[in-house]
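Structure, as C-alpha cells:
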Amino acid sequence: PDTVLLAHWITRRGAETLGKLAGDFALAHWSPADQRLVLAVAPLAGRLPYWHRDGTDCHFANTVALLQRIPTGPRTLDMLALTTRFAGRVGDLGRSVYQNIGQVPPGTLLDIRADGQRHVPLWQPENNQRIRLSSDQEYLEQADALLQQAVARRLRQTSKPAFLASGGLDSTAMLTAALRQQPPVPVHSYTVVPPPGLSVTADRGWYADERPKIAALAADYPALQTTLCHSSTPSAIETDPTLLFQTTGQPCSNACHLG
C-alpha cells in the first residue's frame, strides 16, 4: 500500500525528499524520536491539510469543518484573507480564511516541532528549462506522452476510474488518455446536462448542452460508459453554500463552484 511505501521512504530518505515521488499524496508523519510532526502535500494534490496550533497541541484535518469540531478550533474569519480570495488574488498560500488556521500549500512540507514550525518546498517548477524540438508535431507528441504518463499515474490505484466530463478540451483530453491506456479498462464519465424539455440559448461561440459532444466521444471509444446528470430542483449546496465553505475553507467566488 502507498501508506507503507511512504512510511519506508520517509524513514530511509527523509521527508524532505518526498518531492521526488510521482503521484498524489497528502500525508502526516509523526516521529516519536524527534518529537516532529510532518504534514506534506504533493505538487498536484487534490486536497490540502488544514492545521491549527494551540500551545503544545497541534491539530490537523483535511477539511476546515473537521478541524472546527475540536472545541479549541478557531472560528473567527480572517477578513484580509477572505477579501483576497474574493478578489481573485493568490495571497499567502499557507493562510486560510480563518484566523490561526493554516493550510499546507501544494508541493510543500510543514515541519512542526516544539520550538516552532516552518514550510519547506518539496518541488518548484524549473522556470529556466526550455524544450527545443524540430517541429510542431514533435511538440504535440511529447505533450501527449506526458499527458499519458500523468494519467497512468493517477489510474494506478483504481480499477474503476470515473471522470467529471464536459465537451471541453481539458476533460476530454484526460478521458481519451485514460481510454488509451494499456491494458484498456472501462472508464465512467458523469456529465451535467439541462433537464429534459428545458431550452437553453447559448451566446455565439458557446454551447448550452454537453450531450452531442459526449455522445461523439462515446462513439469513438466504446469502453467509455457515460452518465448524464440533471435535476429539476436545486441541490442543497446550490441553495446554501455553507457546506462547500466548511469543506474547502474557500468562499464561493462564482456560480460554477455551486453545482
Side-chain angles (χ1 to χ4, degrees), residues 1-82 84-85 89-126 150 153-154 156-158 243-253 257:
D2 281 355
T3 50
V4 176
L5 172 64
L6 289 167
H8 282 301
W9 182 282
I10 293 173
T11 300
R12 296 179 182 180
R13 304 194 181 193
E16 288 77 5
T17 65
L18 284 168
K20 296 181 179 180
L21 293 175
D24 185 359
F25 62 83
L27 64 88
H29 181 268
W30 169 250
S31 173
D34 300 329
Q35 293 292 289
R36 178 196 189 198
L37 174 64
V38 165
L39 303 177
V41 181
L44 297 177
R47 281 197 170 185
L48 308 180
Y50 295 90
W51 64 281
H52 164 63
R53 189 164 189 170
D54 183 13
T56 57
D57 296 332
C58 184
H59 307 282
F60 60 90
N62 60 2
T63 70
V64 172
L66 286 174
L67 199 58
Q68 290 181 334
R69 289 186 181 181
I70 302 168
T72 58
R75 290 171 171 78
T76 304
L77 287 169
D78 183 331
M79 299 309 295
L80 178 59
L82 189 64
T84 301
R85 301 292 171 86
R89 299 185 180 276
V90 175
D92 182 357
L93 295 178
R95 185 175 179 176
S96 78
V97 296
Y98 286 95
Q99 294 181 21
N100 300 318
I101 291 183
Q103 63 184 26
V104 186
T108 303
L109 175 149
L110 179 63
D111 184 348
I112 304 173
R113 303 175 189 251
D115 58 353
Q117 60 273 336
R118 65 190 181 102
H119 284 91
V120 180
L122 292 176
W123 176 87
Q124 291 179 322
E126 298 178 1
R153 287 172 175 171
R154 287 281 182 167
R156 185 168 60 87
Q157 290 254 345
T158 179
L243 178 61
L244 176 70
F245 187 78
Q246 290 180 331
T247 302
T248 65
Q250 305 291 341
C252 178
S253 56
H257 295 165

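This one's a predicted model, so the numbers in the text were calculated from it and none came from an experiment.
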Problem - From CA spacing to verdict: side-chain contact (heavy atoms from CB on, under 4.5 Å), Lys20, Trp123 - result: CA-CA 8 Å; Lys20 296 181 179 180; Trp123 176 87; over 6 Å; no
Handout entry: Working for side-chain contact (heavy atoms from CB on, under 4.5 Å), residues Asn62 and Leu48
Key = CA-CA 6 Å; Asn62 60 2; Leu48 308 180; over 6 Å; no
Exercise for the section: Apply the test side-chain contact (heavy atoms from CB on, under 4.5 Å) to residues His52 and Asp57: give CA-CA distance (whole Å), side-chain angles for both, the deciding distance (0.1 Å), then the verdict. Expected result: CA-CA 8 Å; His52 164 63; Asp57 296 332; over 6 Å; no
Practice task
Any chance you could lay out the side-chain contact (heavy atoms from CB on, under 4.5 Å) test for Val41 and Thr108, step after step, and finish with the verdict?
Solution key: CA-CA 6 Å; Val41 181; Thr108 303; 5.8 Å; no
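In this structure, the side chains of Trp30 and Gln35 come closer than 4.5 Å at one or more pairs of heavy atoms. Inter-residue side-chain proximity for Ile10 and Leu18 is flagged as met; some heavy-atom pair is nearer than 4.5 Å. Put simply, the side chain of Asp2 does not reach to within 4.5 Å of the side chain of Phe25, judged on heavy atoms. With a 4.5 Å cut-off on side-chain heavy atoms, Cys58 and Leu37 count as touching. At a threshold of 4.5 Å between non-hydrogen side-chain atoms, the residues Leu27 and Leu6 count as touching. With contacts defined as side-chain heavy-atom distances shorter than 4.5 Å, the pair Thr63/Arg47 qualifies. Contact of the Tyr98 side chain with the Val64 side chain is registered, since non-hydrogen atoms from C-beta on lie closer than 4.5 Å. Looking at Pro74 and Ile101, their side chains come closer than 4.5 Å, going by heavy atoms from C-beta outward.
Atom CG of residue Leu44 and atom CZ of residue Arg153 lie 10.5 Å apart, to the nearest 0.5 angstrom. Interatomic distance, Arg154 CZ to Asp24 CG, rounded to the nearest 0.5 Å: 4.0 Å.
Applying the side-chain hydrogen bond (donor to acceptor under 3.5 Å, both in side chains) test to residues at least two apart or on different chains, the pairs with a partner in residues 64-82 are Asp78-Arg95.
For the residue pair Ala81 and Ser96, the shortest heavy atom distance occurs at CB-O, 3.4 Å. When all heavy atoms of Pro43 and Pro106 are compared, the pair lying nearest together is O-CB, 3.2 Å.
In this structure, Gln103 contributes its side chain and Leu93 its backbone to a donor-acceptor pair below 3.5 Å.
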Using residues 112-121 as the side-chain source, report each donor-acceptor pair under 3.5 Å to any protein atom, sequence neighbours left out, with the distance given to one decimal.
unit_1 : atom_1 : unit_2 : atom_2 : d
Arg113 : NE     : Asp111 : OD1    : 3.3
Arg113 : NE     : Asp111 : OD2    : 3.4
Arg113 : NH2    : Asp111 : OD2    : 3.4
Gln117 : OE1    : Arg53  : NH1    : 2.7

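Heavy-atom neighbours of Arg36 CZ from other residues, nucleotides or ligands within 6.0 Å: above the threshold of 12.
Remark: Asp92 pairs with no residue by the salt bridge (Lys or Arg N to Asp or Glu O under 4.0 Å) rule, at least two apart or across chains.
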